[in-house]
Structures are given as structure tokens and as C-alpha cells.
Number of protein chains: 2
Amino acid sequence: MKLTNTSEYALRILTYMAKDPAQLYSAKSLVEKLNISDKYLRRLMTTLSKQGFIYSIQGREGGYSFRKEPSEIRLADVVDAVEGMDTYAGCVLGFEECSCENPCVMHATWIKVREEFLSVFTNTTLADIDFEQAKRY
Amino acid sequence: MKLTNTSEYALRILTYMAKDPAQLYSAKSLVEKLNISDKYLRRLMTTLSKQGFIYSIQGREGGYSFRKEPSEIRLADVVDAVEGMDTYAGCVLGFEECSCENPCVMHATWIKVREEFLSVFTNTTLADIDFEQAKRY
DNA sequence: ATAATATACTACTCTATTGTAGCATTTATT
DNA sequence: AATAAATGCTACAATAGAGTAGTATATTAT
């Protein structure tokens, strides 16, 4: 029950930006705040830009800002964009053919966990985050 | 929300064996049934043996059988033995210092998912599996 | 125009997981 | 004792994710 580092980074970045969504953020400022390596963050920002979450503005005084409203960005959308959600929707034992109609022995046990994950990640947007309760960023 | 392949394999093997827990299983029979490569399965069986879940009986007519009762093997124990549960207990954004006292912005959202996972995997043993409902194995 | 400052792109390296090959060891059967 | 059939071990190969380096491109201020 662990996202890839890349998904973690993407969520770190976008949740950080969502706290003040109108601002323009430079790669430099994000790197300093979020403890992600410079080059890797830049590459990820390009991905997030191409996926339509953010604008990237090149040149001096450039940076990144939201293209979509935070309320229109679900956590699952972010994960899906950078690593794909397919893995998270699959069988816990790794069987391709597993489904509710053709379940593996773990299916009934696992589905409770999987549904909770999918439910939280599809029903939570960047605008739903309670920034006040957090002691970080 | 995906286990490693190795964890998947370990659970495939042990849940399969748990359906008829008194039996002695050869590596060959497990490979044929469970679609795991021969060498990798053997290595994994040695790990599961060293971790105390199963006996391994060498020589002709050898094989593997349960050392612990299936009712004493929790799913979390299996995952912990082959890949460690630490990753699954951590912060969704990857912050080392994240906790309920010092939460990240995603903490409240993520904890619901994490607790469901930990609860299911620590409260389910190999004996709790409903083999009748499964259409596989 | 030029310099400064920002992002974009491509290719490479590093690391951990996963998978494979070959040989060694063990034990029952004959 | 020899053979056959099983597991054990060590080293290597393949792959994917993560991270790095260097160069190219774009834009603004002067």
C-alpha cells in the first residue's frame, strides 16, 4: 500500500501548490520547500503540464501555476497521470482474470481495502484538503 | 496499493497450501498450479521456511508443509517476512516525520486507507479465508 | 542585441526487484 | 552402493524506477 516515489512527489507538489492556488511557483522554490531533486522535479513538472494539471511558463519570470481548478483535480487523477491506477485496481494475488464473478481466494478480503483506497482517492480533490490541521509545508 | 510480486507469490503459495493444510507440497506441483517460475519459487520457499511458516523436507519424496497452524499466520506476517510492512505503515507523501501529532496535509485523508489495510492484514489469518467462494485454485 | 533566468529535452547512471542458470546437497528406493 | 528425485545455494542477467548531467530553448529586463 505504497505509491511510487513519483506519485508521492506529484502529490507533494500539487497539494503544496493547492494551499495557495493562484500563485506562480518556480521550480527552484518547489525544490527548496519539498526536498525533491532539482532535475527530477523539473521533469515531473513537464509531465504534470502535459497532463493538463498545470501551466508551465518558460523564460525569465517563468514558473508553474494551476491550469485546472484544484476542486477538479482528484487524487486518483494525479496518480493515474504519473504511474497509472491500473496496478491499484488489480488482484492482490496478481491474477489477471480475477473479478467479483471469478474471484481468487483473497478477493473478498482484499476488496474491502481496495474499495477504501479507490473511494478516498476518487472522492478527494486538491480542494478538499484541510490545510489548517497540517503542521507541515 | 500494490504488494510486491514477491509478496503476491508468497500469499498465492500459502493461501493455496492453506486449503489443504496437512498435505505435503512439492515445488513442482506448486509451480504448475501457481504460475510462478521454478527457481524463484524455490528460493521463496526457502525464505518462508527460514521465517518459520513452513517445513522444508529435502531429498526424494521431500516437499513443503506448514510448520505453524494457518490460524496463526496473519497476512501481515507473510508480507512482513518477505518485503517488510514498514513501507505500508508510512506517510503517503513520503515524509519521514509524519505522524498524527505532526501530520502532513494528506494525513487525515490517507489514514483511513492505511488503517483499513493494516486492520485487514493483521486481523486475517490463512484460516479465515473462505475457500468455498473462490473459483480459482 | 545581449545577458540573465527560467523551463524542456535527451541520454546516461544507479539501484533494487525480479528472474535465470548451474551446481551442490539430501534422502528414499532399488 | 548407485540411482533418482527432491530441495539449497551462489552468482549472474534482465528490467524498471529513480536520479543526474549537460545542452537546448524560451522569455524578460536592460
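Just so we're on the same page: letters track the sequence lines, and every chain starts at 1.
Side chain of A:Tyr9 to backbone of A:Leu44: no donor-acceptor contact under 3.5 angstrom is found. Proximity of a side-chain donor or acceptor of B:Gln23 to a complementary backbone N or O of B:Asp20 within less than 3.5 Å is not detected. B:Asp128 places a side-chain N or O within donor-acceptor distance of the main-chain N or O of B:Thr125, the cut-off being under 3.5 Å. Panel note: side chain B:Thr15, backbone B:Arg12; a donor-acceptor pair is recorded below 3.5 Å. With hydrogens and angles disregarded, a donor-acceptor distance shorter than 3.5 Å links the side chain of B:Arg114 to the backbone of B:Ala89.
With rounding to whole Å, B:Leu41 atom CG is found 16 Å from C:dA21 atom P. To the nearest angstrom, P of C:dA16 lies 20 Å from NZ of B:Lys2. Taking atom NZ of residue A:Lys39 and atom P of nucleotide C:dT13, one finds them 16 Å apart after rounding to whole Å. Rounded to an integer number of Å, the gap from A:Glu61 CD to C:dA3 C1' is 14 Å. As rounded to whole Å, 8 Å separates atom P of C:dA6 from atom CZ of A:Arg42. A:Tyr40 places its OH atom 13 Å from the C1' atom of C:dT15, with the value rounded to the nearest Å. Rounded to whole angstrom, the span from the CD atom of B:Glu8 across to the C1' atom of C:dT18 amounts to 12 Å. Whole-Å rounding puts the A:Arg43 CZ to C:dA8 C1' distance at 12 Å.
Under the 4.5 Å side-chain heavy-atom criterion for grouping Ile, Leu, Val, Met, Phe, Trp and Tyr, B:Leu34 is connected to B:Phe66 within one hydrophobic cluster. The cluster map of Ile, Leu, Val, Met, Phe, Trp and Tyr, joined by side-chain heavy atoms under 4.5 Å apart, puts B:Phe131 and B:Leu126 in the same cluster.
Across the interface with DNA chain D, nearest-nucleotide mapping of A:Arg60 and A:Ile36 shows A:Ile36 to be the residue nearer the 5′ end. The nearest heavy atom of DNA chain D to B:Gly63 and to A:Asp38 marks one nucleotide each, and the one closer to the 5' end goes with B:Gly63.
Proximity of B:Tyr9 to the phosphate of C:dG19: a side-chain N or O atom is located under 4.0 Å from OP1 or OP2. Residue B:Ser37 places at least one side-chain N or O closer than 4.0 Å to OP1 or OP2 of C:dT20.
At the heavy-atom level, B:Ser49 lies nowhere under 4.0 Å from the strands shown.
Protein chain A contacts DNA chain D from D:dA18 to D:dA29, reading 5' to 3' and using non-hydrogen atoms of the protein with a distance under 4.0 Å.
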